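Only this structure's heavy atoms are used, side chains among them; waters, hydrogens and symmetry mates stay out. Model, not experiment: these values are computed from the prediction. Each ligand, and each atom within it, is numbered from 1 in the order the structure gives.
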Amino acid sequence: MAETQPEKIVTEETQTKPVEQNTTQVVEEKKEGDDQIIDPYSGVNLSGKAIDYNKLIEKFGCSAIRPDHLERIEKLTGQKPHHFLRRGIFFSHRDLDLILDTYEKGKPFFLYTGRGPSSDAMHLGHLLPFIFTKYLQDAFNVPLVIQITDDEKFFHKGDDKTDLEQYIKYGIENIRDIIACGFDPEKTFIFSDTGYMGGEFYKNVVKIQKHITWNQLKGIFGINESDNTGKASYPAIQAAPSFSNSFPHIFGKSKDVPCIIPQGIDQDPYFRMTRDVAFKLRYPKPACIHSKFFPSLLGINAKMGASDPNSAIYLTDTPKQIEKKINAHAFSGGGKTKEEQEKYGANLDVDVPYQYLTFFLEDDEKLAEIG
Ligand code: TRP
């Protein structure tokens, strides 16, 4: 995997903050000694230690979702906020308040999310942003655009032998799974980069590219001179759907409809960059709402990966296979012996089956009872 993993981004907490300053260049210094390395390409770092999400909020310069946000969302939507919000699974944001203000004033906004099609089988963790986006679309009744980044995966995962068509095919397979989440067909636009790039969308890509320097790319994404140049051109392509005039068939010429982007926290570097560029282009900065990582079956800090099929539950697994994976492979927080279990009880924080229930069992009382 060496060629797919750029140098890791390691930043000192204070050095990540200038990103929010509109006029300064975004340059993040690499520095040894930070054990929480989280970026779009390394995925979950891990030194084996639990991720400190509060520290991550501070380091990235985003903000925590607070109880008063939940109250406000409940008031505005007239329904209990999604359990991903109630349980802190979506835990961080940028400018969520501005989007709620927009909604309160009866003005339009839209949702943007995406998927990098790296294989034909998606697993449960991949579904989180889509399940949450579906809730947001229903609760706020807004348009949604979903970007399928077949180009990104070709640049980052493909070796010389993997052909682009393969990633395009994965994208089509993944779209089937994404559609199954139940988005409103009238209000949802799903596109692949290789299929859609052109016209107004490409004009935005070009404008964005003009505002991204090599220093920024190196600092934010850890790419360097020996990487293929696709990796350098790509971040502008993930930025472009943040702006409403990239989609003239939905928004006409309007460039002022703001968006909010549900995403895993590892995607934040793209949108820190995008917010900086938005200011320069006089577009609204995209808002963000970030989720924690979905734990591997093998333990809350283990890495979920294609290399070990027992580390994740795939959407293609049968109920029988899922049962077997959970019973045979899921990390248990139970005591080592019967006596220990009776004396101390289970450690639910590390018990993967219980953790999975926090993601997928909506009923708070039932969850508490099982706990
Ligand atoms: N880079 C993301 C991935 O690898 C795909 C993506 C594109 C995305 N646009 C997005 C994810 C917006 C979240 C929000 O999966």
Among all residues two or more places apart in sequence or in another chain, which pass the side chain to side chain contact (heavy atoms under 4.5 Å, CB included) test with V257?
P108, F110, S244, F251, S254
Would a line drawn from the ring center of F60 to the ring center of H290 be shorter than 6.0 Å?
no
Pair K107 + D101: basic N to acidic O under 4.0 Å:
no
Residues two or more places apart in sequence or in another chain: which of them pass side chain to side chain contact (heavy atoms under 4.5 Å, CB included) with F243?
N204, I208, N245, S246, T274, A278, Y283, P286
With sequence neighbours excluded, what pairs up with H126 under the side chain to side chain contact (heavy atoms under 4.5 Å, CB included) test?
R115, M122, H123
Check whether any side-chain N or O of D95 sits under 3.5 Å from a backbone N or O of C288 as a donor-acceptor pair, and report yes or no.
no
Identify, chain by chain and in numerical order, each protein residue with a heavy atom under 4.0 Å from an atom of ligand 1.
Y112, T113, G114, R115, G116, Q147, T149, E152, K153, Q238, I261, P262, Q263, Q267, F271
